[in-house]
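Working notes, beginning with the structure itself.
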Amino acid sequence: MPTAPPPPTYLLAGDIGGTNSRLALYRLPPASSPASPPTLHHPPPSSATAWCEYLNEKFTDFDGILRAFLSFGFPGGRDGYRVVASLACAGPVADN
């Protein structure tokens with residue numbers, strides 16, 4: 001009996017700054033086999049499945065921004081999808 005293909009995997013990429021948060025969602029190509037090592041991909045911005053910029057002051061926390069974006073990126077819900085994330089987050093600058 002053949003096994004079902006793995007669910008699609010998406011990359012959530014984000015630039016979380018002090019003023020704005022920019023999030024993009026990319027569908028990653030399927031792996032050739034579950035045992036194969038991951039392959040690095042550098043998708044161009046135009047290949048994003050979804051992309052949004054949020055003004056941080058309109059949200060009480062990052063969870064609210066993330067929920068808003070995932071609702072936008074997955075309008076039918078996230079059931080059956082895997083999402084991995086890479087986020088660049090601003091931090092305090094001292095002794096600059």
Side-chain angles (χ1 to χ4, degrees):
M1 176 179 201
T3 60
T9 300
Y10 287 83
L11 168 64
L12 170 65
D15 175 12
I16 315 306
T19 303
N20 297 300
S21 292
R22 295 167 189 88
L23 300 171
L25 193 63
Y26 299 90
R27 184 172 179 162
L28 299 178
S32 56
S33 78
S36 65
T39 304
L40 294 176
H41 297 278
H42 302 282
S46 61
S47 70
T49 303
W51 184 92
C52 282
E53 182 173 341
Y54 297 93
L55 188 58
N56 294 343
E57 68 181 25
K58 294 188 176 193
F59 295 85
T60 57
D61 55 24
F62 180 68
D63 287 349
I65 294 171
L66 187 58
R67 276 191 217 92
F69 180 71
L70 291 175
S71 295
F72 171 75
F74 294 104
R78 285 188 339 229
D79 291 345
Y81 299 105
R82 293 182 291 186
V83 179
V84 296
S86 178
L87 304 173
C89 302
V93 177
D95 301 324
N96 187 5

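Computed from heavy atoms alone, side chains included, the values below leave out hydrogens, waters and symmetry copies.
Aromatic pair Tyr10/Tyr26: centroids not less than 6.0 angstrom apart.
For Phe62, the ring pair (Phe, Tyr, Trp, His ring centres under 6.0 Å) criterion is met by no residue, not counting sequence neighbours.
No side-chain donor-acceptor contact under 3.5 Å links Asp63 to the backbone of Leu66.
For the pair Asn56/Thr19, no side-chain contact is recorded, criterion being any heavy-atom separation below 4.5 Å from C-beta on. Considering only heavy atoms from C-beta on, Leu25 comes within 4.5 Å of Phe69 through its side chain. Between Leu70 and Leu23 there is no side-chain heavy-atom pair separated by less than 4.5 Å. By the 4.5 Å heavy-atom criterion applied to side chains, Leu11 and Val83 are not counted as neighbours.
Of all heavy-atom pairs between Ala90 and Gly17, the closest is CB-CA, 3.9 Å. Between Ser21 and Ile16 the shortest heavy-atom distance is OG-CG2, 3.6 Å. Nearest heavy-atom pair, Ala50 versus Gly73, reported as atom, atom and distance to 0.1 Å: CB-CA, 3.8 Å.
A distance of 10.5 Å separates OG1 in Thr49 from CZ in Phe72, rounded to the nearest 0.5 Å. For the atom pair Arg22 CZ and Ile65 CD1, the distance stands at 11.5 Å (nearest 0.5 Å).
The environment of Phe74 atom CZ is dense: over 12 non-hydrogen atoms of other residues, nucleotides or ligands sit within 6.0 angstrom.
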**Request:** Any chance you could lay out the side chain to side chain contact (heavy atoms under 4.5 Å, CB included) test for Asn20 and Leu55, step after step, and finish with the verdict?
**Result:** CA-CA 5 Å; Asn20 297 300; Leu55 188 58; 3.5 Å; yes
